[in-house]
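Here is the naming used below: chain letters follow the sequence lines, and residue numbers restart at 1 for every chain.
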Amino acid sequence: MNSIIWLVAIPLLGALLCTVFPRLANRIGWMFAAGNMLAALLVMHTVSQEGAFHYVIGGWSQGLGIALFADSLTALMVVMSAIIALAVSIYSTAYFTDTKKQAFYWPLWLLLLTALNALFVSADLFNLYVTLELLGLAAAALTAMGGSKEALSAAIRYLLIGLIGSLTFLAGVVLVYTAYGTLDIAVLTQQFQNNKVSWAIATLMTLGLMIKAALLPMHFWLPPAHANAPAPVSAVLSALVVKAAIYLMLRLWPDIFYPLANIGISYVLGGLGAAAIMWGSYQALRAQRIKLLAAYSTVAQVGYLFLGLSLIIVLPDGELRHAVMVGVVLLALTHAFAKAALFLAAGVIMQRGGHDRISDLDGTAQTLPVTTFTLALACVALIGLPPSGAFLGKWQLLTVLLHEGLWFWIIVVLSGSLLSAAYAFRLLGHAFGKKNIPHKRLAIGLEELPALVLSLIATLVLAFASAPVAKFIQPLSGVSQ
Amino acid sequence: MLIDQILYGLCGIVLFTFGLRIAFSPVHFLRRLLAINVAGAGLFLLLLSVAYRGFDQAPDAVPHALVLTGIVVAFSATALAVALARQLQNRDKENE
C-alpha cells in the first residue's frame, strides 16, 4: 500500500460519508480534511526521502492500470491544497449554519478536493482529462450554492466554458493516442517528436488549459463565478482550482512538449500573461466590491504565472531555468494562501456587516480588527512586498529577466506590482478608515482564525520556507524520467 | 476498409469543429449545451475510428474504455447543466 493512494481515497470516503450521514456532515467534513492533510504530508515525506515515484493501482501492467505519480512539484501542490482545504473546512463549519446547506456543501467540496488531488497525482493524460472534468463539475455546482440569480447564471456560464475547455483538452488527448498509441506521460516524454501532429496536440491542450486557467482573453467567466459564489467556495476556486490548470501547463511543457519549445510560443504565452497582469490589475482597481477585486486580482496573478512559464519553456536546462521555476512555484503558493485568506476575510466582513462594498468599509478596523489585519497581510502578499513569498518569487523572475535583457517584461512586472499596490491600498484605506463606533474590547471569532493563519503563511512562513522550497524542487530537465 | 476508418475520423473532426463553433456563439443556452455534446460525440467517433486494426483483427480495447468513460462524464455534465438551468428558470418565475 502506498501513501499516494490515500490522497484520493480519504476525501472520496469523506464525501460518501457526508452523503450518507447529512446531519453529521460538518463534523465528518473537517475531520476528513484533516486526514487529507496527513496523507499530503506523508506523500511529501516519501518524495523527500526517495525522490519522485510511480505507483500503479492494483499492480496492473503499464498502460492498463491507473498510474499515479508524485515528484517534488506534486508534493508541494498537494500540501498547499491540503493546508488551504483544512482552513477552508474549519471556516465552513461556522459559515454554513443551515443543515440543509451543509448537506449539499460538504459532499461537493470533498469531491472537489478528491478531483484536485487526483489531478495532481495522475500520470496518464486521459485520467487528467477525467479529473479536470470532475473538478469543473464540482466547482460549478458549488458556485451555484451562492443561491442568487447572478450566482446561478455565473455557475452555468462557468460550467459551459469549463466543458468547452476540457473538450478541447480531450481533443489533444485523442490525437496523442492516435499518433503515439500511449497516454502515459513518462513514455510520451521519451517518444514525443516535433512534427505537425505534435503541434496540433500542443495547441489544443494549451488552449483547453488556457480556458481553465482563465488566461486573458479567456478570463471573462472568472470574475462573475468567483465573486458570486459563497465565500469558502470562492476561496477554493481562486486559490486552488485555477492552479490545477497552471500545474498541468508546468507539467506538460517542460516534459512532454519540450521538443516543441521555441521563442515564438514563449512570446505568445508571455504576451498574454503580460496583458493579463495589466488588465486584471486595472479592473481590480476599478472594482466596487472586495470579492470582485479579489477575482480580478486572480486574473492578474495568473498572468505572472504564465509570464514565468513562458521563460521556463525557452530557457535551456540549467541554473536560470531552475530559478524561474522556483519563482513561479513561490508565486503560485503565495497567491493561493493570500487569495484564500482574502476571500475568507471578505466572507467574515459580509456576514458581520451584510455587504462587501469597498467604499462603505470605513470602521471595519474598529469592529473587526483581526480580520482587517488579515486583509492587510493578504494584500502585502498580493502586492509582493517583502517578506512575503511573492516578493521572493518576483525577485527570482526579475533577476532572470534582467539577465536575459527582456526589458519589456520587466516594465510589465514592475508596473503590475504598482497597480496591485494601488488596488490594495484603496481597499485598506477604507478598511482602516475611522468611523464613530463605541469602543469595544478586542474579540476574535473562531471564523476569523483560518483566514489569519493562511495570510500569516503567505507573508511570513513562505518567506522563511523559500530556501527549503527552492532546494526541494529538483531542477526539471527536458527528459526527466 | 482503411477508407472507412479515415471517413469516420474526418466525420468526427467535422462534428467537433461544428460543435465548438456553435458552443462559442451567442445562442440559447440549450443549443450551446447540445453543441458541446455534438463536439464530444465527434471526438468519441474519432477515437473509435482509431481503434480499428483491420478486418480480421480484434479492435484496440483502450479507446473503447476511454469512450465509455467519456460518455459517462459527458452525461453527468449535461445533467448538471440542465439542472442548474431549471433552477434559474424557477427563480425567474418566482420574480414575475
- Task: Please work out whether the ring planes of Y247(A) and F120(A) are parallel, tilted or perpendicular, with thresholds of 30° and 60°.
- Result: perpendicular

Counting only non-hydrogen atoms closer than 4.5 Å, does [X] touch chain B with its backbone (N, CA, C, O), its side chain (CB onward), both, or neither?
{"X": "I161(A)", "result": "side chain"}
{"X": "V174(A)", "result": "both"}
{"X": "S148(A)", "result": "backbone"}
{"X": "L159(A)", "result": "side chain"}

- Item | Test side-chain hydrogen bond (donor to acceptor under 3.5 Å, both in side chains) applied to E133(A) and S166(A), step by step | CA-CA 6 Å; E133(A) 195 82 288; S166(A) 41; 2.5 Å; yes

- Query: Do you know which of L167(A), L175(A), L209(A), V173(A) makes side chain to side chain contact (heavy atoms under 4.5 Å, CB included) with L204(A)?
  - Reply: L175(A)

- Item | For chain A, the option from I36(B), V73(B), I13(B), L20(B) that forms the most heavy-atom pairs under 4.5 Å | I36(B)

- Is it the case that D60(B) and Y177(A) place a side-chain donor and acceptor less than 3.5 Å from each other? yes

- Can you tell me how far NZ of K93(B) sits from CG of L88(B), rounded to the nearest 0.5 angstrom? 11.5 Å

- Query: Picking from L163(A), L160(A), T178(A), which has the most non-hydrogen pairs under 4.5 angstrom with chain B?
  - Reply: L160(A)

- Query: Which of the residues G162(A), G147(A), G136(A), A144(A) is involved in the greatest number of heavy-atom pairs with chain B at under 4.5 angstrom?
  - Reply: G147(A)

- Message: Can you confirm whether F220(A) is buried at CZ, in the sense that more than 12 heavy atoms of other residues, nucleotides or ligands lie under 6.0 Å from that atom?
- Response: yes

